[in-house]
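Order of the sequence lines sets the chain letters (A, B, ...), proteins ahead of strands, with each chain counted from 1.
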There are 2 protein chains.
Amino acid sequence: MTHRLSQTEENYLKAIFTICEKEEKPAGTNNIGAILQTSAASVTDMLKRLAEKDLIFYEKYKGVTLTENGKTIATQLLRKHRLWETFLVEKLNFSWDKVHNIAEQLEHIKSPELVEKLDNFLGNPKFDPHGEPIPNAAGEFTFRRQINLFNAAKGDKATVVGVQDDSEQFLQYLTQQNLMLGSKVEILEKFPYDQSLKILLNGKTEIVLSEKVCRNLYVQRK
Amino acid sequence: MTHRLSQTEENYLKAIFTICEKEEKPAGTNNIGAILQTSAASVTDMLKRLAEKDLIFYEKYKGVTLTENGKTIATQLLRKHRLWETFLVEKLNFSWDKVHNIAEQLEHIKSPELVEKLDNFLGNPKFDPHGEPIPNAAGEFTFRRQINLFNAAKGDKATVVGVQDDSEQFLQYLTQQNLMLGSKVEILEKFPYDQSLKILLNGKTEIVLSEKVCRNLYVQRK
DNA sequence: TATGATTTTTAGATAAATCTAAAAATAGTT
DNA sequence: AACTATTTTTAGATTTATCTAAAAATCATA
């Protein structure tokens with residue numbers, strides 16, 4: 001049996017997982033430090049410890065990737081985080097922009113039975129309130145054919161199914177624009193000058209979204 | 001605003017609260033150490049820090065009591081612990097003997113909104129699955145006219161409303177005996193020799209309970 | 001009240017997670 | 001290849017929570 005990890009160690013694994021998934025390359029010391037708001041020196045210290053515990057592959061100056069063990073733990077953390085977010089929104093009536101910080105705490109609760117019972121209580125959801133897939137107990141993600149709104153073309157009709165950035169600021173911006181998961185969008189115009197998009201929202205309202213906003217939205221084409 | 005406490009500090013406050021409530025006297029260093037499974041020396045170290053933060057009254061060699069600040073925090077911890085236990089039993093179908101350790105972790109989650117929303121979701125319960133009163137947001141406990149089963153007399157009829165010991169072992173013993181919150185008991189006999197009690201359970205079954213068991217059960221007389 | 005037992009505190013160490021400042025390695029660019 | 005900029009690591013401290021062993025204070029009771 002593997003040793004019980006500290007919250008800090010778990011946070012490092014999650015950060016490394018996020019970087020490696022997104023960028024498909026080893027995570028750098030600075031990169032990790034930026035996510036965890038800590039110095040590169042502290043990161044190096046921790047990387048040595050995680051390598052010692054067989055959770056990451058670590059070679060000086062070469063960056064790190066997760067071992068199978070590390071991946072399993074990171075995936076289970078993601079599972080817990082997303083299940084708790086779902087609980088907070090669906091059962092406790094939190095709005096989707098307020099749940100991240102609380103879930104960051106809840107994901108560190110150690111109890112395998114709790115996770116499985118929570119999952120059942122929620123009806124085994126496949127996606128969280130931000131549209132992110134929730135891995136199952138075996139660590140498998142439900143895959144969804146989704147594209148970045150930024151890559152949609154003029155004339156496309158699509159449904160919003162996820163966000164890339166789940167910060168309070170972004171989610172509040174979306175709420176203000178009346179944009180949420182399930183919103184229907186039609187691309188009316190793409191302005192090459194600033195890469196912004198004019199869209200028709202739910203067949204009713206015309207709005208313009210900046211490049212930054214589009215890059216943080218996932219849609220599924222009809 | 002008071003500084004954010006570590007889990008360890010919170011656990012010390014809870015231990016001190018428990019001792020002071022039960023024994024109505026200052027908590028001793030050894031006493032606290034026994035509850036938290038730590039050495040007297042470590043306790044002394046921590047007491048200095050808590051006194052520094054105005055959470056306890058501390059005088060060398062004299063034991064400690066909680067300040068108003070300390071009491072508020074301890075009560076809120078109790079509130080969270082008992083609300084989470086209620087959630088685990090009522091919503092996630094945990095049995096009452098399995099929830100203590102998980103609630104010990106959950107009670108340290110920091111989010112006032114979460115507590116209030118959880119309370120509402122549960123229907124503002126006044127007692128937890130072990131019959132312990134849940135303090136409200138203002139820190140007030142609902143009082144219940146309950147006595148220790150050990151102090152009941154021959155002929156008394158009463159209802160089980162709480163347990164003193166919420167250890168897995170004790171709760172499993174009760175479950176085995178088909179004893180639970182709400183069970184009706186009638187005292188048939190009290191044996192002076194070993195202070196054990198013969199009772200009629202739910203008007204059906206005669207069982208004998210040892211002194212230890214009786215001391216850990218609370219009942220309300222009709 | 002003296003004395004032995006118990007409780008509590010001090011002193012000095014250790015381990016985890018962090019920091020700053022400086023050194024070392026790597027990467028980018030002419 | 002050489003120089004510069006960036007990234008990463010090392011070295012040495014700090015803070016928190018813990019420990020053991022020994023000293024000091026208090027308690028209990030003969």
Any [X] side-chain nitrogen or oxygen under 4.0 Å from OP1 or OP2 of [N]:
X: A:Lys60; N: D:dT10; value: yes
X: B:Ser42; N: D:dC19; value: yes
X: B:Thr8; N: D:dT16; value: no
X: B:Tyr58; N: C:dT9; value: yes

Rounding to an integer number of Å, can you tell me how far [X] [atom1] sits from [N] [atom2]?
X: B:Met46; N: C:dT8; atom1: CE; atom2: P; value: 17 Å
X: A:Lys25; N: C:dA27; atom1: NZ; atom2: C1'; value: 13 Å
X: B:Gln7; N: C:dA16; atom1: CD; atom2: P; value: 18 Å
X: B:Leu5; N: D:dT16; atom1: CG; atom2: C1'; value: 14 Å
X: B:Leu36; N: D:dC19; atom1: CG; atom2: P; value: 10 Å
X: B:Gln37; N: D:dC19; atom1: CD; atom2: C1'; value: 15 Å
X: A:Asn11; N: C:dA16; atom1: CG; atom2: C1'; value: 15 Å
X: B:Asp45; N: D:dC19; atom1: CG; atom2: C1'; value: 10 Å

inquiry  = Taking the cut-offs as 6.0 angstrom to the six-membered ring centre and 45 degrees off its axis, would you call B:Lys212 and B:Phe150 a cation-pi pair?
reply    = no

request  = Please confirm whether A:Lys91 makes a cation-pi placement over B:Phe87, using NZ or CZ under 6.0 Å from the six-membered ring centre and within 45° of the ring normal.
outcome  = no

inquiry  = Looking at A:Glu68 and A:Lys71, is there a salt bridge between them, counting it only when a charged N and a carboxylate O are closer than 4.0 Å?
reply    = yes

query = Does the pair B:Glu113/A:Lys98 count as a salt bridge with the N-to-O cut at 4.0 Å?
reply = no

ask   = Is the shortest heavy-atom distance from the side chain of B:Tyr173 to the side chain of B:Asp165 under 4.5 Å?
value = no

query = What residue among B:Glu140, B:Glu116, B:Glu107 forms salt bridge (Lys or Arg N to Asp or Glu O under 4.0 Å) with B:Arg79?
reply = B:Glu116

request  = Looking only at side-chain atoms of B:Ala40, point me to the closest of C:dT9, D:dT9, D:dC19.
outcome  = C:dT9

key: Among C:dT8, D:dT9, D:dT10, the nucleotide that comes nearest once only the side chain of A:Lys48 is considered   = D:dT10

Please list, for nucleotides 1-7 of chain C, all pairs of protein and nucleotide N/O atoms separated by less than 3.5 Å.
none

ask   = If you look at every strand shown and take non-hydrogen atoms under 4.0 Å, does A:Thr44 touch a base, only sugar-phosphate, or nothing?
value = base

request  = Looking at every strand, decide which applies to A:Ser39 at a 4.0 Å heavy-atom threshold: base, sugar-phosphate, or nothing.
outcome  = base

ask   = Closest nucleotide of DNA chain C for A:Lys62 versus for A:Ser6: which of these residues is on the 5' side?
value = A:Ser6

message = Quick check: B:His130 with B:His100 (ring centres under 6.0 Å apart)?
response = no

